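Notes for the one structure printed next.
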Amino acid sequence: MAKTKTDLILIVDDTEMNRALLADMLTPTYRVLEAADGQRAIDLLQQYQSEIALVLLDIVMPKLDGFEVLAVMNKNGWIGRIPVITISAETASTYIDHAYDLGAVDYISRPFDERVVQRRVKNTIMLYSKQRMLEGMVADQIVEKERNNYLMVEILSNIVEFRNGESGLHVLHIRTLTDLFLHQLQRTTDRYPLSSSQIAMMVNASSLHDVGKISIPEQILNKPGKLTAEEFAVMQTHSALGAQIMADALQRHREELLQLAYNICRWHHERYDGGGYPDGLRGDEIPIEAQVVALADVYDALTSVRVYKPAYPHQQAMEMILGGECGAFNPLLLQCLCQVGPRLEEELRLRSPGDMAEQSILALSSQALAAGQASSRTLTLLEQERTKYQFFAAMSSEIQFEYHYATDLLSMSEWGARQLALPMLIEDPAGDRQLAAVLDPADYRDLQAKLRAATPDCPIVDAVYQLHVQGQKRWYKALARPLWEDEESGQMEGVIGKFVDVHERQLQLQTLQQRAEQDSLTGMLNHAAARERIQPYLAQSGRQYAVALLDLDHFKEVNDRLGHMFGDQVLQYTAQRVRRGVRAGDITARIGGDEFLLFLKCRQPVEPVIRRIFSGLGGKFHGFDIAMSMGVALCPQDGEDYETLFHKADQALYAAKKAGKGRCLFYEDKMRDLLSAISPIDR
């Protein structure tokens with residue numbers, strides 16, 4: 001620090017000799033500014049506040065004295081960032097105590113002792129530098145925590161959307177509308193006072209409004225026509241199911257976000273007049289966050305394409321809501337809808353997921369920082385902050401570490417070292433066998449490479465690795481940032497970071513992802529998941545593939561004559577035979593009703609393979625003769641993208657059924673004029 005003379009010190013004294021003496025003592029190490037009175041000091045602080053590392057301040061001065069300068073620094077919020085050492089011949093305790101009360105951190109009496117001045121200046125600047133680093137670490141962790149929270153919410157809500165067959169914009173629209181309505185509500189009335197962080201948290205929680213739909217059968221979720229009374233009753237249970245998911249989480253984590261998500265999941269279908277479900281709440285018995293999401297959900301449902309309806313124009317949707325066709329809403333919210341109505345379409349078009357995420361993260365983290373920002377000005381209090389930080393890290397299963405390049409020394413928090421069965425200090429970590437047994441050397445090198453690629457503009461690196469902890473492998477997320485000697489040189493002095501256990505969360509996400517991708521009856525992939533897996537293969541040029549569509553012949557007769565339960569058993573039996581007939585690397589899916597899809601990777605002539613698979617699909621199931629029709633399209637002959645191949649395989653299937661069923665046909669150009677038999681779920 002001292003070698004590069006980067007720190008700027010402001011000397012404020014009305015006596016030129018005093019300023020000259022102090023400047024002579026400090027200029028070999030620091031840059032110096034001088035002010036002859038308090039007013040000039042304020043002007044320089046205003047101009048150089050981001051650069052000044054320390055103020056040496058006389059108390060007795062003309063225009064503005066030292067106490068008045070301290071008062072202005074407090075008013076402008078500078079005193080928390082710029083330390084002040086008072087300099088004076090006054091030794092009365094009343095003067096010194098008053099200076100401390102106004103925020104001064106130390107006192108130097110005249111005449112000046114050069115060694116005392118240099119040592120106290122150096123210690124104070126170093127203390128504040130460490131404090132700013134600590135505050136930066138805390139700020140980064142808070143922002144990272146909120147970013148992780150947002151990411152998890154987004155993943156979960158997108159899984160629900162993916163399974164529900166809605167557009168990928170639905171959750172973004174709900175977030176945007178919720179944000180607009182809540183801010184307009186604050187401008188319209190003081191009946192529901194909310195802080196910016198509360199609004200941001202409600203917007204975040206709104207993404208989870210339909211999480212209960214993950215438990216609704218897919219044939220009901222994606223039914224293209226009107227639901228029967230029994231099906232609609234099943235669909236209505238998604239509110240209570242979503243609330244139960246949040247209630248289970250609340251038993252383990254008392255988080256405000258989870259409580260808001262519970263309220264929204266359970267009550268976003270309630271109506272202001274008591275005509276909603278599941279509890280028939282009315283008026284302000286319904287939490288305001290659920291009321292707002294209810295209005296947002298109705299507007300987006302009206303103006304978006306759904307499997308059962310086209311999109312209505314904005315104006316028609318407004319008229320339907322205001323006319324009561326979609327149930328009763330809070331009159332204040334309807335007023336907000338009218339006020340923001342003229343710009344709704346533009347807002348929904350312009351807002352991006354990244355913008356919404358950053359707004360939410362910054363609002364939540366700013367609130368957290370404002371509530372918990374470190375304010376210590378002494379080494380004792382700084383150590384207390386470090387102790388608290390380590391304590392909370394231990395409670396949250398975080399393994400902290402620091403690394404110094406000059407000494408090649410890795411130091412770990414006491415809890416982290418105990419958790420990993422490692423010493424707290426490790427020399428030459430790259431070559432340490434104990435550390436290599438916990439973190440694979442290849443992962444260690446990968447983390448090093450990510451840190452070397454970090455920049456002051458993007459200092460945080462993160463990655464997920466498996467650690468060997470207490471005899472088992474567990475997934476941990478590494479979060480780290482380099483410490484630079486100065487940002488311009490790019491010379492790293494060290495690294496700070498932590499490992500956070502994410503093992504259970506990873507497993508839960510894998511389970512949720514698997515449930516979202518699977519057809520609930522057969523255990524096969526559903527159509528959307530199959531398409532996602534097939535498309536990367538088709539993007540590889542020079543490869544050969546086959547897309548085959550299969551359809552059970554006379555299946556309607558099975559349901560009509562023997563009942564739907566027997567029909568479901570036939571579908572499950574057929575799915576087993578389809579899976580047994582293909583290789584492990586091929587892809588199979590149920591794409592709706594009695595239709596199945598095969599995706600085959602062709603390393604040999606495909607026709608014999610297709611014939612073998614097709615011939616093995618027949619048979620009897622409890623006296624019922626199983627017969628199937630199949631249509632096949634080949635890549636690259638018939639097309640190179642999924643939609644084209646699916647469409648042509650569908651035409652071949654249609655031709656096979658029209659030719660008498662029980663047949664397998666490959667696509668030919670002469671089939672292109674045949675009507676398509678694309679299934680409702682694909683439409």
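These numbers come from a predicted model, not from an experiment.
Here the shortest heavy-atom pairing between Q419 and V469 reads O-CG1, 3.7 Å. In terms of heavy-atom proximity, N526 sits nearest to A589 at O-CB, 4.1 Å. Y465 and L447 make their closest contact through OH-N, 3.4 Å (heavy atoms, listed as atom of the first residue, atom of the second, distance). The two residues A417 and M424 come nearest to each other via the heavy atoms CB-CG, 3.7 Å. A261 approaches L208 most closely through the heavy-atom pair CB-CD1, 4.0 Å. The heavy-atom pair separating I426 from L435 by the smallest distance is CD1-CB, 4.5 Å.
Proximity of F112 to I108: side-chain heavy atoms (C-beta onward) are separated by under 4.5 Å at one or more points. A 4.5 Å side-chain heavy-atom check between L33 and I9 finds every atom pair outside the cut-off. Looking only at side-chain heavy atoms (C-beta outward), R481 and I496 come within less than 4.5 Å of each other. Put simply, the side chain of L45 reaches to within 4.5 Å of the side chain of V55, judged on heavy atoms. In this structure, the side chains of M412 and Q400 stay at 4.5 Å or more apart for every pair of heavy atoms. Inter-residue side-chain proximity for L54 and Y30 is flagged as unmet; no heavy-atom pair is nearer than 4.5 Å. Using a 4.5 Å heavy-atom cutoff, the side chains of L409 and E402 are not in contact.
Without hydrogens or angle criteria, D106 side chain to T86 main chain gives no donor-acceptor distance under 3.5 Å. A donor-acceptor pair under 3.5 Å links the side-chain atoms of H503 to the main chain of W475, judged by distance alone. Although no hydrogens or angles enter the test, the distance criterion places a donor-acceptor pair under 3.5 Å between the side chain of R120 and the main chain of Y107. Proximity of a side-chain donor or acceptor of D586 to a complementary backbone N or O of K601 within less than 3.5 Å is detected.
In this structure, OG in S206 is found 8.5 Å from CG in L182, a value given to the nearest 0.5 Å. Separation of atoms SG (C265) and NE2 (H209) is listed at 8.5 Å; rounding is to 0.5 Å. The line from CG of L241 to CZ of R266 is 10.0 Å long, rounded to the nearest 0.5 Å. Atom CE in M201 sits 10.0 Å away from atom CG in L258 (nearest 0.5 Å). Considering CG of L479 and NZ of K498, their distance stands at 5.5 Å, rounded to 0.5 Å. The distance from atom OG1 of T455 to atom CG of D457, rounded to the nearest 0.5 Å, is 5.0 Å.
The closest side-chain donor-acceptor pair between Q49 and R81 falls under 3.5 angstrom. Between the side chains of R115 and Q118, no donor-acceptor pair is found at a separation under 3.5 Å. Looking at D210 and H268, their side chains do bring a donor and an acceptor atom within 3.5 Å of each other. In this structure, a donor-acceptor pair under 3.5 Å is absent between the side chains of T176 and D179.
More than 12 heavy atoms of other residues, nucleotides or ligands lie within 6.0 Å of OH in Y100, so this atom counts as buried by the packing criterion. Around atom CD of E427, no more than 12 heavy atoms belonging to other residues, nucleotides or ligands sit under 6.0 Å away.
Partners of A437 according to the side-chain contact (heavy atoms from CB on, under 4.5 Å) rule, which considers only residues two or more places apart in sequence or in another chain, do not exist here.
Aromatic rings from Y403 and F401 are positioned such that their centres are separated by 6.0 Å or more. Aromatic ring centroids of Y545 and F599 lie under 6.0 Å apart.
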Let's go through V121 and L56 carefully: what are the C-alpha distance in whole Å and the side-chain angles of both, what is the deciding distance for side-chain contact (heavy atoms from CB on, under 4.5 Å) to 0.1 Å, and is it a yes or a no? CA-CA 9 Å; V121 166; L56 294 172; 4.3 Å; yes
Working for side chain to side chain donor-acceptor pair (under 3.5 Å), residues Q540 and R543: CA-CA 7 Å; Q540 302 173 16; R543 304 290 181 91; 3.2 Å; yes
Would you check, one step at a time, whether the test side-chain contact (heavy atoms from CB on, under 4.5 Å) holds for I79 with I82? CA-CA 5 Å; I79 199 70; I82 305 173; over 6 Å; no
Begin with the C-alpha distance, continue with both residues' side-chain angles, and end with the deciding distance and a verdict on side-chain contact (heavy atoms from CB on, under 4.5 Å) for L22 and I87. CA-CA 10 Å; L22 289 169; I87 50 175; 3.6 Å; yes
Start with the C-alpha gap between L257 and N204, add the side-chain angles, then the distance that decides, and say whether side-chain contact (heavy atoms from CB on, under 4.5 Å) holds. CA-CA 8 Å; L257 175 67; N204 210 11; 4.1 Å; yes
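A salt bridge is defined here as a Lys NZ or Arg NE, NH1 or NH2 lying under 4.0 Å from an Asp or Glu carboxylate O, and D501 with R474 meets this definition.
Note on ring orientation: taking the six-membered ring where Trp is involved, the planes of Y262 and W267 are perpendicular (angle over 60°, cut-offs 30° and 60°).
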